[in-house]
Amino acid sequence: MTSNEPQSESDLYEDAHVHQVYEQIASHFSSTRYKPWPIVERFLEALPDGSVGLDVGCGNGKYLTVNPNVFIVACDRSTNLVNIASQHRPHTSIVADNLNLPHPSSTFDFAISIAVIHHLSTPGRRIQAVTAILDSLRPSTKSESSGYRQDGGKALIYVWALEQKHSRRGWDEGDEQDVMVPWVLKQNTNAKCTEESKTFHRYYHLYCQGELEHNITAAGGLVLESGYEKDNWWAIAIRKPQWGHRV
Amino acid sequence: MKILTVNFLTCAVKACKSSPLSFPLHFQDAELEQSDIEYNAAFLRNILPRVDWEALKITANELGFTTVPIEKPDLTPTSTATDKNPVRLPINTSEPQATDEKTMRDLHTLLLETEVREGKMVCGNCGHEYKIKEGIANFLLPSHLV
Ligand SMILES: [Zn+2]
């Protein structure tokens, strides 16, 4: 158990500053998360009927209702959030870690990971999380003429952007990328509805332009499409075909 | 947790994924519950091609279900496809459709309506046990397996 000290340090850090926070704020957090982001909605709606995929870091499961013609196995680290997500049928929500996904390799038609990998505290772990997602996807098929088609399973990854000077937080290019972001938990503590608030801090790595694409390439993925939406960077990627696309 | 889901799960230990023994995970002490989910023939037809039939038979057998056909139902000639096809198939479709409907209803019950409420799933490669509590399976690994 002493062989992987650096990793267990990151594990402990993320446990204290990400996992335990979400576990405690789960129901309040969930009540504020109901509107799907347009890029995610568009990605899910475009999937062929009968597609099977993953929602890695599903939170309260708000994306499970977008397309009723696909089947999603959703997971999150937080049991309290998974309990909320599990109400969305016919899907299934499980408790799992995005660095150790309990899914067979080369199987899924799609995967989404929305506002999740920015909670990992080192570049190596963020790339590892992308690798785990890509590994679960169906690889592209061979074609006679061009080596490989780009028809493998697709992943949509979405992370918080550093460049968001017009947002409430106001961060921008050149600012510190590793930040603690407060969450003010309000709860009614008695019958007279006196509001009591408690502030939690979550760790985030704010992505700068091009960084998500870099993570995906480092993880052996091929970026098909990428962009910026409402203070977030997003990218759609497939596994890089093994040969036939050498540049 | 649904039986359909088990078809898309394996051991979370990375070294196990390449071993055929890790799929499917094996049930122990499973307590089942039937839920009520509206029958959606189109959804089921679309999902079935993605199901690993051999794995499903192992899972169903472990849970005591005997209704799974030996072969995956052949779903190729859907009604919309034949409507577009001017060539009439020289088979009487009324009898096969009746059995088809029953098979599909049984599969709906097994795959989508049957929930494992409590129990364990065990990896056939490393022997690690994953617990299911109140319908939620937990795949977090202890630190020595990460
Ligand atoms: Zn195992």
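Treat the numbers as computed from the prediction; the structure is a model and nothing was measured. Letters go in sequence order (proteins before strands), and every chain restarts at 1.
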J.: With a 4.5 angstrom heavy-atom cut-off, which part of Asp97(A) approaches chain B: side chain, backbone, both or neither?
T.: both
J.: Do other residues, nucleotides or ligands put more than 12 heavy atoms under 6.0 Å from the CD atom of Gln34(B)?
T.: yes
J.: Can you tell which part of Pro68(A) gets under 4.5 Å to a heavy atom of chain B, answering side chain, backbone, both or neither?
T.: backbone
J.: If you count heavy atoms of other groups shown closer than 6.0 angstrom to NE2 of His214(A), is the number above 12?
T.: no
J.: Can you say whether Phe8(B) sits under 4.5 Å from chain A via the side chain, the backbone, both, or neither, judging by heavy atoms?
T.: both
J.: What part of Thr107(A) gets closer than 4.5 Å to chain B, counting heavy atoms only: side chain, backbone, both or neither?
T.: both
J.: What distance separates Tyr130(B) OH from Ile94(A) CD1, expressed to the nearest 0.5 Å?
T.: 10.0 Å
J.: Under 4.5 Å from any heavy atom of chain B, what part of Val82(A) do you find: side chain, backbone, both or neither?
T.: both
J.: When rounded to the nearest 0.5 angstrom, what distance separates CD1 in Ile136(B) from OG1 in Thr92(A)?
T.: 9.0 Å
J.: Step by step, would you call Lys133(B) with Thr79(A) a side-chain contact (heavy atoms from CB on, under 4.5 Å)?
T.: CA-CA 11 Å; Lys133(B) 281 183 189 163; Thr79(A) 310; over 6 Å; no
J.: Out of curiosity, Ser136(A) OG to Lys17(B) NZ, how far, rounded to the nearest 0.5 Å?
T.: 7.5 Å
J.: Could you give me the CA-CA distance, side-chain angles and deciding distance for Arg89(A) and Glu38(B), then say whether side-chain contact (heavy atoms from CB on, under 4.5 Å) is met?
T.: CA-CA 10 Å; Arg89(A) 291 166 162 186; Glu38(B) 202 185 333; over 6 Å; no
J.: Evaluate the side-chain proximity of Ser143(B) to Asp11(A): yes if any heavy-atom separation is below 4.5 Å, no if none is.
T.: no
J.: Is a side-chain donor or acceptor of Arg45(B) paired with a backbone partner of Gly50(A) at a separation under 3.5 angstrom?
T.: no
J.: Does the plane of the ring in Phe71(A) sit parallel, tilted or perpendicular to the ring in Phe43(B)? Use 30° and 60° as the thresholds.
T.: perpendicular
J.: Atom OG of Ser51(A) and atom CZ of Arg50(B): how far apart are they, to the nearest 0.5 Å?
T.: 7.5 Å
J.: Heavy-atom pairs under 4.5 Å with chain B: which of Ala132(A), Ala96(A), Pro48(A), Pro90(A) has the most?
T.: Pro90(A)
J.: What option among Ile37(B), Thr10(B), Leu141(B), Leu9(B) has the most heavy-atom pairs under 4.5 Å with chain A?
T.: Thr10(B)
J.: Would you say Lys2(B) has more than 12 foreign heavy atoms packed within less than 6.0 Å of its NZ?
T.: yes
J.: Using a cut-off of under 4.5 Å on heavy-atom pairs, state which of Leu54(A), Val70(A), Asp109(A), Asn69(A) scores highest against chain B.
T.: Asp109(A)
